[in-house]
Amino acid sequence: EQARTEEKSLHAYLKKLNIQMYMYPTTPDEIDRVAQLTQRTNQFNMNGVRYLKEDVAEWLQSDHYGCYSVYVKDAYGDYGLVGALVLSYTDGKCNLQTFVLSCRVLGREIEIAILNEIANIARSRGFSTFSASVKRTQKNEPFMRFWQAYVADNENIVCANFNTPSHITVIQEKYTKPTSQKANTTASAKLVAHTEACALTTMPSNIQTNDEELDAFLFSLGCYSGEPITVIKKRRSGVVIAVKDGRYSIDNALADAIEVE
């Protein structure tokens with residue numbers, strides 16, 4: 001009884017989030033970010049294989065591959081390009097070669113919606129089943145738990161077995177970032193450049209660190225695309241910022257990772 005109550009509560013919570021997932025064939029302007037996702041994503045990475053932007057560019061030019069980008073936004077904010085997957089079509093078979101998803105959007109059942117879209121893509125190409133190049137790594141336990149719960153097998157995966165959760169709206173068109181109010185002063189490319197200007201409010205356009213855990217940490221503070229940040233105080237080692245209702249001290253390296261408009 002308690003489990004059913006908790007399940008209902010979770011479903012009600014997710015429904016209130018108004019989750020929108022954009023998934024469509026990757027475009028040339030997304031090549032760098034897709035490659036970056038394969039290189040930096042550890043926890044929700046189906047096999048740990050890393051790719052270069054040259055690999056992604058090659059997929060986009062080939063009829064034997066389908067590369068897809070995933071954007072997510074909900075009532076809490078715009079998460080940007082957070083997922084990527086690659087399907088290969090060779091020897092009369094469809095194989096899921098890559099599936100990565102940022103840990104920032106886990107817990108919303110986005111991965112289940114993506115799985116259903118993978119099945120839909122395979123069916124649109126005339127396949128009733130597909131395979132997957134899943135491999136356990138030292139860090140991808142979250143992915144393995146998901147896969148074992150919803151798929152288990154790596155061969156002859158039946159496309160008809162999946163459905164998109166009712167609280168997620170899937171949009172199969174290119175994501176267009178909404179225009180936002182610019183800060184009332186000329187913004188630089190890096191937040192760290194604003195440490196001379198206290199009480200300045202600016203808008204992050206991207207978070208660029210070399211560590212998935214740092215990305216998640218900044219996101220937990222509210223540092224993500226579209227959420228205003230106010231520079232409160234400059235310090236020799238970093239900067240004090242205000243995000244939503246909290247104040248945080250971050251070092252210069254983290255401040256430099258926050259790209260602003």
- Any residue meeting salt bridge (Lys or Arg N to Asp or Glu O under 4.0 Å) with K93, in chain and number order, not counting sequence neighbours: none

- Task: Report the residues that fulfil salt bridge (Lys or Arg N to Asp or Glu O under 4.0 Å) with D63, sequence neighbours left out, ordered by chain and then residue number.
- Result: none

- Message: Tell me if a side-chain donor or acceptor on R33 pairs with a main-chain N or O of L81 at a distance below 3.5 Å.
- Response: yes

- Query: Does V49 share a hydrophobic cluster with L52, counting links as ILVMFWY side-chain heavy atoms below 4.5 Å and allowing steps through other members?
  - Reply: no

- Identify, with sequence neighbours excluded, every residue that meets side chain to side chain contact (heavy atoms under 4.5 Å, CB included) alongside P142. Q43, R145

Atom pairs and distances, side-chain donor-acceptor, residues 157-167, under 3.5 Å, sequence neighbours left out:
| residue | atom | partner | partner atom | Å |
| --- | --- | --- | --- | --- |
| T164 | OG1 | N116 | ND2 | 2.9 |
| H167 | NE2 | R108 | O | 3.1 |

- Task: Could you pull out all residues at least two apart from F127 that satisfy ring pair (Phe, Tyr, Trp, His ring centres under 6.0 Å)?
- Result: none

- Partners meeting side chain to side chain contact (heavy atoms under 4.5 Å, CB included) with S128 (sequence neighbours left out): none

- Partners of N95 by side chain to side chain donor-acceptor pair (under 3.5 Å), sequence neighbours excluded? S131, S133

- Query: Can you list every side chain to side chain donor-acceptor pair (under 3.5 Å) pair that touches residues 48-61, not counting sequence neighbours?
  - Reply: N42-R50, Y51-Q97

- Message: Can you list everything that forms a side chain to side chain donor-acceptor pair (under 3.5 Å) with T26? Sequence neighbours excluded, please.
- Response: S69

- Query: With E30, which residues qualify under salt bridge (Lys or Arg N to Asp or Glu O under 4.0 Å), at least two apart?
  - Reply: K174

- Message: I'd like to know whether I168 forms a side chain to side chain contact (heavy atoms under 4.5 Å, CB included) with Q20, so could you lay out the CA-CA distance, the side-chain angles of the two residues, the decisive distance to 0.1 Å, and finally the verdict.
- Response: CA-CA 6 Å; I168 297 176; Q20 293 181 318; over 6 Å; no

- Message: Holding to ring pair (Phe, Tyr, Trp, His ring centres under 6.0 Å), I want the full list of residues that pass it with F143, two or more places apart in sequence or in another chain.
- Response: F44, F99, F146, W147

- Do you know the tightest heavy-atom contact between L96 and M46? O-CE, 3.4 Å

- Message: So, using salt bridge (Lys or Arg N to Asp or Glu O under 4.0 Å) as the criterion, who are the partners of R123 when residues are at least two apart?
- Response: none

- Taking all non-hydrogen atoms of both residues, which atom of C67 and which atom of V34 are closest, and how far apart? SG-CG1, 4.2 Å

- Can you check whether T38's main-chain N or O pairs, donor with acceptor, with T41's side chain at less than 3.5 Å? no

